[in-house]
Amino acid sequence: MVDLKRKQYSKEIGPHVFENQLVTRQNSGLEYIELRLITLEPDGVYEETLTDLEVCAVVLTGKATVTEGNHVFSEIGTREDVFEKIPTDSVYVSAGKTMQITTQTNARILLCYAPSTIDLPTQLIAAANNTVEKRGIYQNKRMVHNIMDDQSPVSDKLIVVEVFTDSGNWSSYPPHKHDQDNLPYESFLEETYYHEMNPKQGFVFQRVYTDDRSLDETMAVENGDVVIVPKGYHPVSVPDGYDGYYLNIMAGPTKKWKFHNDPDHEWILSRK
């Protein structure tokens, strides 16, 4: 059984560049998603040649310059803390290209990958182009920043969203899943959650489970942890006194987000 929760760490991987998370197809059992979280200090340089993977580089905090070929996106990024709750800038680069990230100040970047064979244009996904929506009622409220949703023409397979869940609320709730390639009723999308908390010493709970309970794991998740969702339902609960943030990567054979609610809990959607 693959460990669904990955703890944050710090490993120097280049000049003034530190890796804090690495999820690959080889170490996770996933087929469609990889991710790397990196922290860059002043004068940091990170370079990567993509092979069969497309990438969305999300500037979580700080500012960075992203270069691919003749494309130079200088000093992008909008916030010093994700809990400023404003959209940020990202850059999309398709498979087969070389990307370089440099910094003059501190920055934290989440690299979101999915397999792809399509050559698409390198693009800046500006903060102003994120769609922002509020979901849920009662203790099921959250705010979503859609960096690339399933309607976005920017990527081949990748869906990338940020979700902010206020103190005492649930998110990804009622429990839903998207693990059947059965469109138009349900799509198959793997998913990962990169979590942060405010204040940082907080924790949230996340459960990942299937109908037959062959997978049923409940985790206390701390700041900087990653949770892997290969299949099944995956709700998140944020305790009183803390706010939760997570960035979702979703990818599968078809870029379509069509989910199925747990029938035992779907009734809560009918409350007045």
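For the single chain, residues carry numbers from 1 onward in sequence order.
Using modelled atom types, no side-chain atom of Ser116 and backbone atom of Leu53 make a donor-acceptor pair closer than 3.5 Å. Proximity of a side-chain donor or acceptor of Ser90 to a complementary backbone N or O of Cys56 within less than 3.5 Å is not detected. Within the 3.5 Å criterion, the main-chain N or O of Phe188 finds no donor-acceptor partner in the side chain of Asp179. Remark: side-chain polar atoms of Asn27 are paired, donor with acceptor, to backbone N or O of Thr24 under 3.5 angstrom. Side-chain atoms of Gln206 come within 3.5 Å of backbone N or O of His234 as a donor-acceptor pair. For the pair Asn198 (side chain) and Gly244 (backbone), a donor-acceptor distance under 3.5 Å is absent.
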Residue pair Ile109, Leu40: steps toward the side chain to side chain contact (heavy atoms under 4.5 Å, CB included) verdict: CA-CA 8 Å; Ile109 316 287; Leu40 295 93; 3.7 Å; yes
- prompt: Would Leu4 and Met219 count as a side chain to side chain contact (heavy atoms under 4.5 Å, CB included) if you check the C-alpha gap in whole Å, the side-chain angles of each, and the deciding distance to 0.1 Å?
  reply: CA-CA 9 Å; Leu4 298 185; Met219 295 155 278; 4.0 Å; yes
- prompt: What do the steps show when you test Ile228 against Ser28 for side chain to side chain contact (heavy atoms under 4.5 Å, CB included), and what is the final call?
  reply: CA-CA 8 Å; Ile228 296 167; Ser28 69; 3.9 Å; yes
message: The test is side-chain hydrogen bond (donor to acceptor under 3.5 Å, both in side chains); show your working for Thr165 and Tyr246 and say whether it passes.
response: CA-CA 9 Å; Thr165 308; Tyr246 54 79; 4.8 Å; no
- prompt: Under the salt bridge (charged side-chain N to carboxylate O under 4.0 Å, His left out) criterion, do Asp89 and Arg79 qualify, and how do the steps go?
  reply: CA-CA 10 Å; Asp89 300 315; Arg79 61 199 184 194; over 6 Å; no
Glu34 vs Arg36, side chain to side chain contact (heavy atoms under 4.5 Å, CB included): CA-CA, chis, key distance, verdict: CA-CA 7 Å; Glu34 298 193 7; Arg36 174 179 269 123; over 6 Å; no
- request: Show your reasoning for whether side-chain hydrogen bond (donor to acceptor under 3.5 Å, both in side chains) applies to Tyr193 and Ser172.
  value: CA-CA 11 Å; Tyr193 281 66; Ser172 296; 2.5 Å; yes
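The CD atom of Glu84 lies 7.0 Å from the OG1 atom of Thr78; values are rounded to the nearest 0.5 Å. Here CD1 of Ile159 is found 12.0 Å from SG of Cys112. Values are rounded to the nearest 0.5 Å. We find the CE-CZ distance between Met197 and Phe203 to be 9.5 Å, quoted to the nearest 0.5 Å. In this structure, Asp181 CG and Ser187 OG are separated by 8.0 Å, a value rounded to the nearest 0.5 Å. Rounding to the nearest 0.5 Å places OG of Ser167 at 4.0 Å from CG of Asp240.
Scanning both residues, Pro174 and Leu269, for their nearest heavy atoms gives CD-CD2, 3.7 Å. Taking all atoms of both residues into account, the shortest heavy-atom contact from Glu186 to His178 is OE2-CA, 3.5 Å. When all heavy atoms of Ile118 and Ser94 are compared, the pair lying nearest together is O-CB, 3.7 Å.
Checked for salt-bridge contact, Lys200 and Glu222 miss the test: no charged N lies under 4.0 Å from a carboxylate O. For the pair Glu217 and Arg207, the salt-bridge criterion is not met [side-chain N within less than 4.0 Å of a carboxylate O]. Salt-bridge annotation for Lys231 and Asp211: absent, with no side-chain N of the basic residue lying under 4.0 Å from a carboxylate O of the acidic one. Remark: Glu133 engages Arg135 in a salt bridge, criterion side-chain N to carboxylate O under 4.0 Å.
Between Asp225 and the options Gln8, Arg6, Lys7, His195, a side chain to side chain donor-acceptor pair (under 3.5 Å) holds for only Lys7.
Sequence neighbours left out, not one pair with a member in residues 142-158 passes salt bridge (charged side-chain N to carboxylate O under 4.0 Å, His left out).
In this model, no donor atom of one side chain and acceptor atom of the other lie less than 3.5 Å apart for Gln180 and Tyr185. For the residue pair Tyr46 / Gln100, no side-chain donor-acceptor distance below 3.5 Å is found, with atom types taken as modelled. When only modelled atom types and interatomic distance are considered, Thr39 and Asn20 share a side-chain donor-acceptor pair under 3.5 Å. Defined by atom type and a distance below 3.5 Å, a donor-acceptor pair is present between the side-chain atoms of Glu54 and Tyr92. A donor-acceptor contact under 3.5 angstrom links the side chains of Glu191 and Asn248, judged on distance only. With hydrogens and angles left out, the side-chain atoms of Ser155 and Lys255 include a donor and acceptor closer than 3.5 Å.
Residues Val82 and Val226 share a single hydrophobic cluster, defined by chaining ILVMFWY side chains whose heavy atoms lie under 4.5 Å apart. The hydrophobic clustering, which links ILVMFWY residues whose side-chain heavy atoms are closer than 4.5 Å, places Ile125 and Ile76 apart. In terms of hydrophobic clustering, with Ile, Leu, Val, Met, Phe, Trp and Tyr side chains grouped at heavy-atom distances under 4.5 Å, Val132 and Phe83 are assigned to a common cluster. Tyr113 and Leu189 are assigned to two separate hydrophobic clusters, defined by single-linkage of ILVMFWY side chains at heavy-atom distances under 4.5 Å. Hydrophobic clustering of Ile, Leu, Val, Met, Phe, Trp and Tyr side chains at less than 4.5 Å, counting indirect connections, keeps Val93 apart from Met148.
Take Glu266 and apply the side chain to side chain donor-acceptor pair (under 3.5 Å) test, not counting sequence neighbours, and it matches Asn261. Take Lys258 and apply the salt bridge (Lys or Arg N to Asp or Glu O under 4.0 Å) test, not counting sequence neighbours, and it matches no residue. Arg108 is linked by a salt bridge (Lys or Arg N to Asp or Glu O under 4.0 Å) to Glu196, counting only residues two or more places apart in sequence or in another chain. Residues passing the side-chain contact (heavy atoms from CB on, under 4.5 Å) test with Glu31 are Glu190, sequence neighbours excluded.
Under a 4.5 Å side-chain heavy-atom criterion applied to ILVMFWY residues, the cluster that includes Tyr209 comprises Tyr233 as well.
Within the 4.5 Å cutoff, side-chain heavy atoms of Leu183 are placed close to those of Thr254. Counting only heavy atoms from C-beta outward, the side chains of Glu12 and Glu19 never approach each other to under 4.5 Å. Looking at Pro175 and His265, their side chains come closer than 4.5 Å, going by heavy atoms from C-beta outward. In this structure the side chain of Leu35 reaches within 4.5 angstrom of the side chain of Gln21, judged on heavy atoms.
The aromatic rings of Tyr245 and Tyr194 lie perpendicular to each other, with more than 60° between the two planes, well past the 30° mark. The aromatic rings of Trp257 and His176 lie perpendicular to each other, with more than 60° between the two planes, well past the 30° mark.
Within a 6.0 Å sphere centred on NZ of Lys141, heavy atoms belonging to other residues, nucleotides or ligands number 12 at most.
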